[in-house]
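Okay, so here's the structure we're looking at.
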Number of protein chains: 2
Amino acid sequence: MVVYELSEEQANKVFRALADATRRDIVRRTLNAEVSVSEIAASYDMSFAAVQKHVAALESAGLVTKIARCRERIVRGQPDTIRHAQELLSSLEDIWRQRISRLDDFLADGDK
Amino acid sequence: MVVYELSEEQANKVFRALADATRRDIVRRTLNAEVSVSEIAASYDMSFAAVQKHVAALESAGLVTKIARCRERIVRGQPDTIRHAQELLSSLEDIWRQRISRLDDFLADGDK
DNA sequence: CTCATATACAACCATTTGGTTGTATATTAC
DNA sequence: GTAATATACAACCAAATGGTTGTATATGAG
């Protein structure tokens with residue numbers, strides 16, 4: 001199984017993009033249904049331009065994509081990028097598990 | 001099973017803390033073995049104080065804890081917080097899966 | 001054609017971030 | 001006691017972030 005890992009720079013962008021409640025909410029909405037930038041902007045108490053910037057940050061991180069549909073830009077959440085972030089976190093957890101495993105081996109060895 | 005979810009503010013801190021390659025590396029090292037702040041600082045081409053700040057950011061996010069051992073402060077990675085972050089990402093993926101599931105239902109309904 | 005809508009983007013500004021150096025304190029080594 | 005080590009933390013600074021307003025362009029409605 002080939003897994004396309006995030007580069008360090010991509011990982012920075014993805015986690016940075018996720019470090020904001022508004023952006024996480026935009027990701028949720030765009031994973032749940034097709035929405036335009038205007039529709040997204042209508043939900044938040046900030047300017048259209050501010051929401052546009054949040055969407056741009058998510059797009060740059062690969063967490064959403066935009067496609068033109070007539071006048072509108074439809075924003076789509078990208079589950080693959082979320083999965084990549086999960087895999088990075090899993091690799092951290094694995095490091096911890098391997099350490100525990102080594103510790104178990106050491107204790108077992110001490111018993112013999 | 002009770003899962004302690006991250007508050008929005010905690011989630012912001014956790015993802016913000018993970019959005020830096022040096023900090024991710026510190027998390028890896030502290031999950032792998034017990035290390036002091038000085039030992040961590042020796043690995044990076046920046047001042048001790050800068051590394052101290054990175055550790056403080058990780059501690060504030062709950063990704064590491066510090067315990068005093070004589071003069072040293074031993075930094076420990078906290079796998080639980082990583083798991084909480086994973087769960088947040090899983091909940092995003094679930095939203096997408098539920099959407100696909102709804103779409104499948106709709107298509108199946110259209111066939112009958 | 002004209003008007004309204006949807007988007008893009010530049011310029012600006014306050015706050016936060018990520019680094020620095022300097023100083024202080026506690027503990028260990030001699 | 002003195003010197004070296006480990007940490008903490010304040011003050012400072014440049015760059016990035018997250019918001020704003022203003023302007024421009026493209027598309028759809030009448």
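Values reported hereafter were calculated over all heavy atoms of this structure, with side chains retained and with hydrogens, waters and symmetry mates removed.
- In the set C:dA8, D:dG18, C:dG18, C:dA8 carries the atom at the smallest distance from any side-chain atom of A:R73.
- Nearest to the side chain of A:C70, among D:dG28, D:dA8, C:dA8, sits D:dG28.
- For the side chain to side chain contact (heavy atoms under 4.5 Å, CB included) with B:Q78, the lone residue among B:L58, B:T65, B:V27, B:L31 that qualifies is B:T65.
- Set against D:dT21, D:dT27, D:dA8, the side chain of A:S47 has D:dT21 as its closest nucleotide.
- The CG atom of B:L58 sits 14 Å away from the P atom of C:dT17 (whole-angstrom rounding).
- Of the charged side-chain nitrogens involved, at least one lies within less than 4.0 Å of a carboxylate oxygen, so that B:R69 and B:E34 count as a salt-bridged pair.
- Nucleotide C:dA6 holds its P atom 13 Å from the CD1 atom of A:I40, rounded to whole Å.
- One interatomic measurement links the two molecules: CD of A:E9 to P of D:dA16, which rounds to 11 Å at whole-angstrom precision.
- Between the CZ atom of B:R69 and the C1' atom of C:dA26 there is a distance of 18 Å, given to the nearest Å.
- The separation between A:D20 atom CG and D:dG19 atom P is 6 Å, rounded to whole Å.
- Salt bridge A:R83/A:E87: present, at least one basic N to carboxylate O contact under 4.0 Å.
- Atom CD in B:E72 sits roughly 11 Å away from atom P in D:dA8 (whole-Å rounding).
- Side-chain to base pairing of A:Q52 with C:dA8: one donor and one acceptor N or O lie within less than 3.5 Å of each other.
- A donor-acceptor contact shorter than 3.5 Å links the side chain of B:S90 to the backbone of B:Q86.
- Within 4.0 Å of A:A57, counting heavy atoms only, lies no atom of the nucleic acid at all.
- Distance CZ (A:R71) to C1' (D:dT25): 13 Å, rounded to an integer number of Å.
- Along DNA chain C, the nucleotide nearest A:R16 and the nucleotide nearest A:I74 are compared for position; the residue whose nucleotide lies closer to the 5' end is A:I74.
- In this structure, NZ of A:K53 is placed 12 Å from P of C:dA11, rounded to the nearest angstrom.
- Counting only heavy atoms from C-beta on, B:A49 has its side chain closest to C:dT21 among D:dT27, D:dT21, C:dT21.
- Side-chain N or O atoms of B:R23 include one that pairs as donor or acceptor with a backbone N or O of B:R16 at under 3.5 Å.
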